[in-house]
Asks: 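Got a structure for you, written out below as structure tokens; questions coming shortly.
Per chain, numbering begins at 1; letters A, B, ... match sequence-line order.
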There are 2 protein chains.
Amino acid sequence: MEGMVRFDEKDREILETLRKEGRITLTELGRRLGLSPASVKNRIDKLKELGAIRGFSAVIDPSFLERYVKVFMLLKLKAEDPDVDRVLSKFAALDNVQAVYRTTGRTQVLIIAEFEDMDEMKRFAGRLKGSLGSLLEYIEWGTIYDSLKECWVTTGKRGSFHGRKGGYI
Amino acid sequence: MEGMVRFDEKDREILETLRKEGRITLTELGRRLGLSPASVKNRIDKLKELGAIRGFSAVIDPSFLERYVKVFMLLKLKAEDPDVDRVLSKFAALDNVQAVYRTTGRTQVLIIAEFEDMDEMKRFAGRLKGSLGSLLEYIEWGTIYDSLKECWVTTGKRGSFHGRKGGYI
DNA sequence: GCTGAAATTCTGGAGTG
DNA sequence: CACTCCAGAATTTCAGC
């Protein structure tokens, strides 16, 4: 064998597998790849160092955390500014925020977050507006009432969320 | 003790922790909760049965899988129909699809997916249009060029994606 | 939910190609 | 440099309470 000079098919398989089975054992992963558990561990450590693996997560039904409102928000900015990412990082750190993406297109930010109720969502949106100030033009949003797939995990129908319509804030 | 008849604060902490540290050991989790590893395991098994835990996933930088284009798509439907979920389930099963959400608001579907290049994205969108036929009005989309947080994992800046603007298809 | 013991997995170092 | 082997450590699992 020539070793893992760069990045080979086995590394790719490790990444693909860990996405779908985040808690698979090194032994089982090694069995599938034809590698020893120690080699798999070496590769995973390397993949973390390289930044290929950012972390591990469980896919949780939010209603068990008493968060009955899941929403996506699209932020339309008036202007780009270094402050935007600074503000977004602050909100990204919140426990009820699942994802914060910077995007191209009509809007510039996509946020996915969960809330106990509509009031909490409104307060969140209010703080977002307050923090971004004149940089924000509007927030388009909608509730997420079903997840066919989430974080690479195919999820059967889950308990439905409140069926309130989205709109503009 | 009466056991885990329903769902208590420790279960909630397990779910919250597993979201952020999907590969934490039962021992460490038990240490934080003041429970034995065996108890933690029992609870996690129960939480899986209940559907609170849907699965586990690693957060991967897609560029290591040679997917250099990450996008979100918002599908505006002309009408609701049982076929919609059937078609969406088919696309949700694809390896390059991260999430498929059913939503309220101006659009009815939110998809997040990764592609090797723009051509592959276009083909995907084309198949989506073909499969949904007259049920689909339009797809609004944009590229995701930075993830401040994803699947509950705060991710530093990653390699930037192609900076092509989004639009309507 | 706990305990204790057995089975499995993980980890780090030495040796090999 | 990556791999395997191997032994010790840690974790997981399963029984009984």
Asks: Rounding to an integer number of Å, can you tell me how far B/Lys48 NZ sits from D/dT12 P?
Replies: 11 Å
Asks: Tell me: CZ of B/Arg43 to C1' of D/dT12, nearest whole Å?
Replies: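 These atoms are roughly 18 Å apart.
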Asks: In terms of side-chain heavy atoms, does B/Glu114 have a donor or acceptor partner in B/Tyr68 at a distance below 3.5 Å?
Replies: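 The criterion, which ignores hydrogens and geometry beyond distance, is not satisfied for B/Tyr68 and B/Glu114.
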Asks: Got a list of protein N/O to nucleotides 6-9 of chain C N/O distances below 3.5 Å?
Replies:
none

Asks: Do A/Thr143 and B/Thr104 pair up side chain to side chain, a donor and an acceptor below 3.5 Å, judged on atom types alone?
Replies: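 Yes, a side-chain donor-acceptor pair sits under 3.5 Å.
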Asks: In plain terms, say whether B/Glu13 and B/Arg43 are close enough for a salt bridge, that is, a side-chain N and a carboxylate O under 4.0 Å apart.
Replies: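 B/Arg43 and B/Glu13: not salt-bridged.
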Asks: Can you tell me how far C1' of D/dA2 sits from CG of A/Leu33, to the nearest Å?
Replies: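 So the two atoms are 14 Å apart, to the nearest Å.
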Asks: Which of these, B/Asp95, B/Val59, B/Leu65, sits in a side chain to side chain contact (heavy atoms under 4.5 Å, CB included) with A/Arg19?
Replies: B/Leu65
Asks: Can you name the residues that form a ring-ring contact (aromatic ring centres under 6.0 Å, His included) with A/Phe64, not counting sequence neighbours?
Replies: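 Once residues adjacent in sequence are excluded, the partners of A/Phe64 under the ring-ring contact (aromatic ring centres under 6.0 Å, His included) criterion are B/Phe7.
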Asks: Should A/Glu49 and A/Lys46 count as an ion pair when the cut-off is N to O under 4.0 Å?
Replies: no
Asks: Regarding A/Arg123 and A/Glu116, does a basic nitrogen lie under 4.0 Å from an acidic carboxylate oxygen?
Replies: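 A salt bridge is absent here (no side-chain N lies under 4.0 Å from a carboxylate O).
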Asks: I need the CD1-P distance between B/Ile44 and D/dT11, as an integer number of Å.
Replies: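 After rounding, the reported distance stands at 14 Å.
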Asks: With 3.5 Å as the limit, what N/O pairs link the protein to nucleotides 4-6 of chain D?
Replies:
unit_1, atom_1, unit_2, atom_2, d
D/dT4, OP2, A/Ser36, N, 3.0
D/dT4, OP2, A/Ser36, OG, 2.9
D/dT4, OP2, A/Ser39, OG, 2.6

Asks: What is the distance, to the nearest angstrom, from the CZ atom on A/Phe7 to the C1' atom on D/dA2?
Replies: 16 Å
Asks: In whole angstrom, what separates B/Arg31's CZ from D/dT11's C1'?
Replies: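 That distance rounds to 15 Å.
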Asks: With no hydrogens and no angle check, do the side chains of A/Gln98 and B/Glu150 hold a donor and an acceptor under 3.5 Å apart?
Replies: no
Asks: Rounded to whole Å, how long is the line connecting atom CG of B/Leu29 with atom C1' of D/dT13?
Replies: 16 Å
Asks: Output yes when at least one side-chain N/O atom of A/Lys41 is less than 4.0 Å from OP1 or OP2 of C/dC10, else no.
Replies: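 The answer is no; no side-chain N or O of A/Lys41 sits under 4.0 Å from OP1 or OP2.
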Asks: To the nearest Å, how far apart are B/Lys46 NZ and D/dT13 C1'?
Replies: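 So the two atoms are 17 Å apart, to the nearest Å.
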Asks: I'd like to know if A/Asp61 and A/Lys70 make a salt bridge, using a cut-off of under 4.0 Å between side-chain N and carboxylate O.
Replies: no
